[in-house]
Amino acid sequence: MSTRVRFAPSPTGLLHVGGARTALFNWLYARHAKGVFVLRVEDTDEARNSQEAIDVIFSGLKWLGLDWDEGPQKGGDYGPYFQSQRKEIYLRYAQRLLDAKLAYDDKGAIRFKLPKKIVRVPDLICGAVHFDLSAEPDLTIVRPDGSFIFHLVNVVDDIEMKITHVIRGEDHLSNTPKHLALFEALGAAPPLYAHIPLILNRDGSKMSKRDEGAAVGDYAAKGFAPEAVRNYLCFLGWSPKDDREILLMDEVVALFELSNVHRHNARFDMDKLQWMNGQYLARMTLDRFVELGRPVLEKNGLVSAQTDPVYLRAALETVKEKVKLFTDLPIWMAYFFKDAFPMDADAAEKSLKKPGALDCLRDLRTRLERTSPWNAAQLEADLKSLAAEKKVKAGEFIHPCRVACSGRSIGPGLYQMLEVLGRARVLDRLDRASGATTGGMER
RNA sequence: GACCCCAUUGUCUAGCGGUUAGGACAUCACCCUUUCACGGUGAAAGCACGGGUUCGAAUCCCGUUGGGGUCGCCA
């Protein structure tokens with residue numbers, strides 16, 4: 001029988017990183033076992049349902065590259081994949097329990113009689129865990145208004161959808177003996193269980209909606225690349241057991257085993273995610289960098305449909321291995337697109353107000369007027385020969401020039417930056433900074 | 001409170017009876033360098049505690065402490 005796993009989120013309005021990690025582990029296991037990854041929406045709580053909340057789940061999973069084989073938008077032989085559309089099925093199962101006297105009416109609600117016994121829960125990650133159900137109150141499975149409760153629908157769907165492995169958060173471990181009892185009462189063989197550890201905040205507290213990093217939907221806006229977030233999530237509760245940190249998904253799929261998933265919770269470390277994101281930005285193709293970076297610059301009004309794509313691409317290339325977040329792009333690159341770019345006060349103080357700096361800029365301006373061809377190598381050669389002639393260190397020209405042209409003391413390699421900026425912009429900015437012309441430079 | 005899970009540097013982890021306890025992020029030096037990153041070298045930082053078992057425990061057992069989870073007509 002082929003492996004079938006499912007991710008069964010409830011539309012709460014956000015996709016929690018813990019949930020995303022659960023989806024990721026299900027996806028990894030399905031791909032590893034060459035099985036099927038099912039997406040099922042647990043929307044039995046009608047008060048909380050909304051199309052927006054459901055879309056958040058879809059877009060979050062897609063952003064992370066977690067494609068499902070069966071489910072909403074995809075179809076499959078075991079649908080529908082929204083629990084709100086499966087009421088007849090649940091009713092049928094509830095009736096079976098009633099008929100078998102394994103459930104009963106209680107003030108309009110239906111309750112399942114939990115067996116008074118010790119139930120052994122075999123878990124692929126935690127090992128066998130025993131629970132004594134004898135003191136547990138019976139399980140409500142249908143409300144007086146006829147709506148169904150999680151425990152029933154979850155079990156019924158896992159039966160109906162022929163789920164073979166349930167990979168879910170450890171917060172469900174205590175529910176599992178009850179679910180096992182339900183499987184038994186319904187005469188169905190239960191799936192194999194794998195309860196994965198939880199993701200906590202950096203300080204060890206429970207991660208809730210409002211905590212930093214909790215919502216997958218926020219990562220794009222925060223400047224992360226999806227491949228970096230996905231890579232980071234793999235390492236929360238799992239490791240390849242060697243020293244690698246950056247792994248291709250194909251490699252993780254090949255290595256991923258449930259038996260290697262940790263039993264202890266992990267804490268979310270934003271610093272490490274940022275480092276990993278920087279690694280991904282530096283290593284990704286320039287095409288991908290442009291694809292993800294352009295929208296950020298557009299959103300900040302620096303780039304529009306009219307922007308020369310060749311220039312944009314060249315400009316992005318200069319900072320690709322420097323920035324760690326896409327959200328850093330506007331501050332790193334404004335001067336490429338605006339002549340009235342911000343001037344960093346400290347940088348100006350240090351480099352432009354320095355005695356002799358303005359003379360250097362004038363001399364450099366004269367030299368660069370004739371630079372040909374206008375490329376990084378020639379720019380470097382001309383600047384250095386000028387410095388040699390004047391018998392000063394190249395830095396005397398480099399630092400004021402950088403600040404004059406970009407308004408910042410940090411940035412891309414100077415010559416590459418000048419090449420991309422082009423002769424006209426560079427000469428104009430050198431003039432403005434040296435006082436040869438009065439410009440509209442922003443403070 | 002009851003029940004369940006867990007415990008290696010600040011964080012993520014390797015380790016699965018004998019290791020100078022390894023790697024990564026973060027921190028601090030130094031090197032590289034036109035800046036900032038990257039990269040390189042090095043430093044500081046860990047087996048929660050107490051009992052066992054054993055010739056020998058980070059590793060196995062028990063307890064304590066600490067953290068997390070579950071005890072809904074939420075999912």
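In this text the structure is predicted, and so the values were computed from the model without any measurement. Lettering of chains follows the sequences in order, A, B, ..., and the numbering in each one begins at 1.
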Of the listed nucleotides ([options]), which one gets closest to any side-chain atom of [X]?
X        : options             : result
A:Leu173 : B:U11, B:C4, B:C36  : B:C4
A:Ile398 : B:U34, B:G15, B:C38 : B:U34
A:Lys384 : B:G23, B:U34, B:G72 : B:U34
A:Gln279 : B:C36, B:C38, B:G68 : B:C38
A:Ala266 : B:U13, B:G68, B:A26 : B:U13

Using a heavy-atom cut-off of under 4.0 Å over every strand shown, decide if [X] touches base, sugar-phosphate, or nothing.
X        : answer
A:Lys324 : sugar-phosphate
A:Lys322 : base
A:Tyr415 : base
A:Gly413 : base

Inset, instruction - Find the partner of B:C3: check Watson-Crick (N1-N3 plus N6-O4 or O6-N4) and G-U wobble (N1-O2, O6-N3) distances, both under 3.5 Å, and reply none if neither fits. - result: B:G69
Separation of atom [atom1] in [X] from atom [atom2] in [N], rounded to whole Å:
X        : N     : atom1 : atom2 : answer
A:Tyr232 : B:C12 : OH    : C1'   : 6 Å
A:Arg111 : B:C73 : CZ    : C1'   : 8 Å
A:Arg267 : B:A7  : CZ    : P     : 13 Å

Inset, instruction - Assess whether one donor atom and one acceptor atom, taken from the side chain of A:Arg402 and the base of B:U34, lie less than 3.5 Å apart. - result: yes
Legend entry - Ring geometry between A:Phe58 and A:Phe82 (parallel below 30°, tilted from 30 to 60°, perpendicular above 60°): perpendicular
Using only side-chain N and O atoms of [X], determine if any of them is under 4.0 Å from OP1 or OP2 of [N].
X        : N     : value
A:Ser239 : B:U13 : no
A:Arg408 : B:A37 : no
A:Thr44  : B:A75 : yes
A:Lys206 : B:G67 : no
A:Lys107 : B:C73 : no

Inset, instruction - For A:Ser174 and for A:Pro9, locate the closest nucleotide of RNA chain B by heavy-atom distance; then report the residue assigned to the nucleotide nearer the 5' terminus. - result: A:Ser174
Legend entry - More than 12 heavy atoms of other groups within 6.0 Å of A:Ile331 CD1: no
Legend entry - Cation-pi check, A:Lys338 onto A:Phe341 ring (under 6.0 Å, within 45° of axis): no
Legend entry - Residues A:Lys384, A:Glu389: salt bridge by 4.0 Å N-O rule: no
